[in-house]
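Just so it is clear: chains get the letters A, B, ... in the order the sequence lines come, proteins before strands, and each one is counted from 1. Values in this document were obtained by computation on a predicted structure and should not be read as measured data.
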Amino acid sequence: MAAATGDMPTYQIRAPTTALPQGVVMATSPGSLHSPQQLAQEATRKRELRLMKNREAAKECRRRKKEYVKCLESRVAVLEVQNKKLIEELETLKDICSPKTD
DNA sequence: TTCGCAATTCGTCATCCGGT
DNA sequence: ACCGGATGACGAATTGCGAA
């Protein structure tokens with residue numbers, strides 16, 4: 001697929017993020033954190049939240065990619081039919097235009 | 001039935017890139 | 001500069017299938 005430094009794949013649609021995944025609870029405000037234990041808990045919570053979001057993002061990314069590939073495949077099918085017709089048409093015109101050698 | 005293998009799916013990490 | 005979303009890469013888990 002697109003190289004890391006390449007252009008954006010056409011199947012990517014950047015949508016604004018809205019709701020949090022179900023079951024995710026916002027943390028208390030940072031100002032209310034004190035002990036190292038609380039800080040550690042907060043770090044763990046943040047990590048779990050990040051993993052959960054990335055998991056969902058990966059699913060969505062793969063879904064879009066599949067859709068994109070399907071779309072490309074159906075376009076290939078259409079173009080193949082079109083190409084076949086054009087080749088046939090060309091052969092017909094060649095027959096009509098070629099001088100009779102006889 | 002079960003074993004081995006290939007293909008597919010999934011979760012995670014690393015990185016890039018755009019927005020603030 | 002920092003943050004967060006998108007995605008490629010990778011390894012682990014799962015699935016499907018033919019051979020024994």
### Message
Check this for me: does any side-chain nitrogen of one of A:Arg45 and A:Glu42 sit under 4.0 Å from a carboxylate oxygen of the other?
### Response
yes

### Query
Over how many whole Å does the gap from A:Arg63 atom CZ to C:dT7 atom C1' extend?
15 Å

### Between C:dT7 (C1') and A:Glu56 (CD): distance, integer Å
16 Å

### Nearest-neighbour nucleotide for the A:Asn54 side chain, C:dG5, C:dG8, B:dC13 considered
B:dC13

### Task
Grab the CG-C1' distance between A:Leu51 and C:dG5 for me, whole Å please.
15 Å

### Message
Under 4.0 Å between a side-chain nitrogen and a carboxylate oxygen: does that hold for A:Glu73 and A:Lys70?
### Response
no

### Task
With sequence neighbours excluded, tell me which residues meet salt bridge (Lys or Arg N to Asp or Glu O under 4.0 Å) with A:Lys46.
none

### Message
Between A:Lys94 and A:Glu91 (salt bridge meaning N to carboxylate O under 4.0 Å), is one present in this structure?
### Response
yes

### Rounded interatomic separation in angstrom, taking CZ from A:Arg50 and P from C:dG4
10 Å

### Message
At 4.0 Å (heavy atoms only), tell me whether A:Arg47 reaches a base, stays on the sugar-phosphate, or touches nothing.
### Response
sugar-phosphate

#### Entry: Atom-pair distance (CG on A:Leu49; P on C:dG4), nearest Å
9 Å

All N/O contacts under 3.5 Å from nucleotides 8-11 of chain B to the protein, with atom names and distances to one decimal?
from	atom 1	to	atom 2	distance (Å)
B:dG11	N7	A:Arg62	NH1	3.0
B:dG11	N7	A:Arg62	NH2	3.3
B:dG11	O6	A:Arg62	NH2	2.4

### Task
Under the salt bridge (Lys or Arg N to Asp or Glu O under 4.0 Å) rule, collect the residues that match up with A:Glu80, sequence neighbours excluded.
none

